[in-house]
Enquirer: 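Structure incoming, see below.
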Amino acid sequence: MPRTSGEMNMSSIKEQQNELNEWIRFGLKLGVQTALHPFEYAKVLIQIGYEPVPPKPIRSILGYDTMVLPNIFQYVRYIRSTDGYAGCFRGLMPKLLGTVMSSIGSERIARHFGLGPEREDDDYDEGRFDADGYQNYRIEESATIEDRERKAFQRKLKREIVIHTSTILITQPFQVISIRTMAQFVGKETVYSSIMCAIREIYKEHGIMGFFSGIGSRLIGDISCLVLASTTAYLVNKHFITDKESRNIFSIFNNYIFSTIFYPFQVVSVCMAVSGSSLAAGRPPYMPVYSNSRECWRHLNTIGELKRGSALFWRYYRTPEVINKNFPMTFAPLPTVTKYK
């Protein structure tokens, strides 16, 4: 049945409102990334193993002597004291540029595969098309509610996999530039003074593949985390949780658990983005030159540093002298400070 002009006007207004909301959300995303960049900067330096401030002894609340490294706020304060306030935003521009490019490209790729965004009024409807002419998805009217939920989950998961994969492929060159720009803090280099200088330097050192250093670990970690977290949430919500608020709480907890499990892949990816470069941070004594991600994983696992940077507040420094055998430490050990002197 053809729609009336009033319905078409309402639909047009709603589409314009949705588009405005998308732009507002995108602007807020860029703003949050900018505001939190100094903390991300400090985290990257921790992940590549750079600890310029020695640990200090403290007595824990459990009564044993231990040592702690600067927390994330103290680390940012150290960066600011060295490079000034503007220095805390080193590497921000390539990161924001990657976010803009991926936001445009990943959505178009998803639409190309017929996985456009879902509309609230399109759920389980047949023959609906999105604004660009791609069919959303169809589920037979005769299908049971369980089949509809399963097919809706499968379609949503496919879309998320395509979005995440394309986002990683698009942003990885910008990620490498941003990480290396931040890693200059270790050796006080200036070779990555701009995006164009960084592009020339990376291409000169490693060719095209240099822009995708560490992408394997990032893909494996992010996609595995997405698939397992989404599948677990779907199965638990289907069989055990029916309340919407409880589902939201479980989703947050579930995502945190799986992001913690796959965190080492992030550390390996960041290290591989720097390892072997001309920067001091990517060569001995600060970091070995790894031939591949597997070698990097084995080395970090051997020295117990696969989760460095995961603790941002209570960053314990574990040495044989401070380990209480009656209370084994469960935190990830951090790099020894002596090698940075």
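Keep in mind that what you see is a predicted model, and the values were worked out from it rather than measured. Each residue takes its place number in the sequence, starting with 1.
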Enquirer: Working to the nearest 0.5 Å, report the span between NZ of K29 and CD1 of I24.
Expert: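 Atom-to-atom, K29:NZ and I24:CD1 are 16.0 Å apart.
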Enquirer: Between T171 and F174, is there a donor-acceptor pair closer than 3.5 Å when you use the side chain of the first and the backbone of the second?
Expert: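 No: the side chain of T171 does not pair with the backbone of F174.
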Enquirer: Strictly by ring-ring contact (aromatic ring centres under 6.0 Å, His included), give each pair with a member in residues 192-238 just once, sequence neighbours left out.
Expert: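 Found F153-Y234.
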Enquirer: Once the angle between the rings of F250 and F253 is folded into 0 to 90°, is it parallel (under 30°), tilted (30 to 60°) or perpendicular (over 60°)?
Expert: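 The rings of F250 and F253 sit tilted, inter-plane angle from 30° to 60°.
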Enquirer: Does K43 pair with E40 as a salt bridge, N-O distance under 4.0 Å?
Expert: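 Judged by the 4.0 Å cut-off on N to carboxylate O distance, K43 and E40 do not form a salt bridge.
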Enquirer: Would you mind checking if R180 and E201 are paired as a salt bridge, meaning a charged N to carboxylate O distance below 4.0 Å?
Expert: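 Looking at E201 and R180, the cut-off is not met.
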Enquirer: Taking the six-membered ring of F185, is the NZ or CZ of K188 close enough (under 6.0 Å from the centre) and on axis enough (within 45°)?
Expert: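 Yes.
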Enquirer: With distance as the sole test, does S230 use its side chain to make a donor-acceptor pair with the main-chain N or O of V227 at under 3.5 Å?
Expert: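 Side chain of S230 to backbone of V227, a donor-acceptor pair under 3.5 Å: no, none is there.
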Enquirer: Taking side chain as C-beta onward, heavy atoms only, is Y75 less than 4.5 Å from E51?
Expert: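 SC-SC contact between Y75 and E51 confirmed.
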Enquirer: Quick one: pull up CG in L69 and NZ in K56 and give me the separation to the nearest 0.5 Å.
Expert: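 NZ of K56 is found 10.5 Å from CG of L69.
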Enquirer: Can you check whether Y78's main-chain N or O pairs, donor with acceptor, with S81's side chain at less than 3.5 Å?
Expert: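 Side chain of S81 to backbone of Y78, a donor-acceptor pair under 3.5 Å: yes, one is there.
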Enquirer: Has the side chain of N237 got a donor or acceptor atom that lies under 3.5 Å from a matching backbone atom of A233?
Expert: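 Confirmed, N237 side chain pairs with A233 backbone.
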Enquirer: With a 4.5 Å limit on heavy-atom distance, are the side chains of E295 and H299 in contact?
Expert: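 Heavy-atom side-chain distance check fails, nothing below 4.5 Å.
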Enquirer: Would R111 and E107 satisfy salt bridge (Lys or Arg N to Asp or Glu O under 4.0 Å), going step by step from the backbone distance to the final call?
Expert: CA-CA 6 Å; R111 290 181 184 273; E107 187 61 45; 3.8 Å; yes
Enquirer: Give me the atom names and distance for the closest heavy-atom approach of V289 to R283.
Expert: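 So the two residues come closest at CG2-NH1, 4.0 Å.
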Enquirer: Between the side chain of N255 and the main-chain N/O of S251, is any donor-acceptor distance below 3.5 Å?
Expert: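 Looks like yes, one N/O pair under 3.5 Å.
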Enquirer: Grab the two heavy atoms, one from L115 and one from R159, that are nearest each other, plus how far apart they are.
Expert: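 Residues L115 and R159, closest heavy atoms: O-NH1, 2.7 Å.
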Enquirer: Donor-acceptor pair, distance only, cut-off 3.5 Å: does the side chain of S217 make one with the backbone of G214?
Expert: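 Judged by distance alone, no pair lies under 3.5 Å.
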Enquirer: Report, as yes or no, whether the 6.0 Å neighbourhood of atom CZ on F26 holds more than 12 heavy atoms from other residues, nucleotides or ligands.
Expert: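 Atom CZ in F26 is packed in, count exceeds 12.
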